[in-house]
Amino acid sequence: MRSPKDFFGPLAVGAPAPVREVPALPSRMIHFFDPSNEKMAAKVPGMVGTVDVLLGNLEDAVKADRKEAARQGLVDIAKATDFGDSTQLWTRVNSLDSPWVLDDLITLVTEIGDKLDVIMVPKVQGPEDIHYVDRILAQLEARAGLKRPILVHAILETARGVANVEAIAGASPRMQGISLGPADLAADRRMKTTRVGGGHPGYLVRQDPAKDLGEGVDPITAERTTYQQDLWHYTIARMVDACAMHGIFPYYGPFGDIKDVVACEDQFRNAFLLGCVGTWSLHPVQVDIAKRVFSPSAEDVAHARRVKEAMGDGTGAVMLDGKMEDDASLKQCLVILELAERLSAGDPELAALYAV
Ligand code: 1VU
Ligand code: MG
């Protein structure tokens, strides 16, 4: 086990000092693009300023014979693009057991380490995977003369990863956050689904049989209301707790049914309400959904402000619109207000909406 003191110093001579607190930058949507796909890549410069995070994906969804092209494409895009103050550049490297990841890390940190904010590591199984990446990043940062550390984001997409999620979240001061990877996780757990995230109509509970439906009507086979359940609730809730416990940020991951913008919004909102700060967007149509869902509503912000005003010094209990408010409901309101302030700092439209 590592000593907490290891968190105060770099893991290689000459590497930048670790961060003491993970910056709470807006990251409502982590927008995925394939840097080897010319059409997609051509759209990237135009998305700067409209998305919180642009992520050059090198892993799954990039064909094996395009891995080098994707890596080089990301280097070219990063060098040619000014990402400004409101869009971060992230990448997802190949998995640690793949033949590509070592070159991904060496090339990206050496060539564009000064532009990369976060490296997403897929299929993280335990803290040992983060320790490996932590050390090699320190060595590469030192060699490249980087002045700030690149942060690390883990994808939770194996059963072992879920079992170790608390240890992963606390494995390094580089840990920025964790995303749910529902597709790989479903396969690894041997779930009997074939989708990329979202719900499943077969995962449900059913109303009890009616007591008396009259002569000849079988209450067991009679029509009964069913309620679809959320396949991902347990994992997201565990991930949120692990992240909150270690001061890092939780995210929903991919929603593969691109055309079903309504169910996508539902899935994103469930994650937002449970504590996630953002999600992945796989297609331009998901960007605005994420922005809408992961920015608090004007009504919630106005209510939070009223509670704050009514609570004075923040202690005791008051009645507001027939409901009790106290120290604990105020704390929830402060979470909403802090998020609203942070988001509106870089977004005049939100600032006007929230009347900041
Ligand atoms: O109008 P144009 O033809 O010039 O452009 C198309 C298309 O190229 C572009 N576009 C994108 N641009 C930027 N970023 C994107 N992510 C993106 N996706 C598409 O938009 C125009 C319209 O596109 P479309 O509606 O015709 O969609 P396509 O059939 O071209 O592409 C759909 C998919 C889903 C294949 C595409 O969006 C995509 O590959 N997205 C990223 C997928 C990805 O990163 N997957 C890995 C993460 S999920 C995971 O690992 C677990 C399952
Ligand atoms: Mg995956």
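For reference, positions follow the sequence shown, starting with 1.
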In V53, L116, L55, the residue satisfying side chain to side chain contact (heavy atoms under 4.5 Å, CB included) with L89 is L116
So CG of D188 and NZ of K123: to nearest 0.5 Å the spacing works out to 10.0 Å
When rounded to the nearest 0.5 Å, the distance separating CZ of R269 from OG1 of T279 is 12.5 Å
Does a side-chain N-to-carboxylate-O contact under 4.0 Å join [X] and [Y]?
{"X": "R160", "Y": "E128", "answer": "yes"}
{"X": "K67", "Y": "D103", "answer": "no"}
{"X": "R148", "Y": "D117", "answer": "yes"}

Compare all side-chain heavy atoms of [X] with those of [Y] and state whether any distance is below 4.5 angstrom.
{"X": "D52", "Y": "L25", "value": "no"}
{"X": "T226", "Y": "Q228", "value": "no"}
{"X": "H246", "Y": "M175", "value": "no"}
{"X": "P26", "Y": "F294", "value": "no"}
{"X": "Y251", "Y": "H153", "value": "yes"}
{"X": "L156", "Y": "V124", "value": "no"}

Hydrophobic clusters here meaning ILVMFWY residues chained together by side-chain heavy-atom distances under 4.5 Å, can you tell me if F255 and M191 are in one? yes
Would you say the side-chain atoms of [X] pair up with the backbone N or O of [Y], donor to acceptor, closer than 3.5 Å?
{"X": "S179", "Y": "G253", "result": "no"}
{"X": "D104", "Y": "N94", "result": "yes"}
{"X": "D184", "Y": "A187", "result": "no"}
{"X": "Y132", "Y": "D134", "result": "no"}
{"X": "R306", "Y": "A302", "result": "no"}

Between T107 and E111, is there a side-chain donor-acceptor contact under 3.5 Å, judged purely by atom types and distance? no
Report task. Verify the distance criterion only: is there a donor paired with an acceptor across the side chains of T235 and R189 at less than 3.5 Å? Result -> yes
Is atom CZ of R305 surrounded by more than 12 heavy atoms (other residues, nucleotides or ligands) closer than 6.0 Å?
yes
Per salt bridge (charged side-chain N to carboxylate O under 4.0 Å, His left out), E141 is matched among R174, R135, K147 by R174
Residues P149 and P18: closest non-hydrogen pair is CG-CA, 4.3 Å
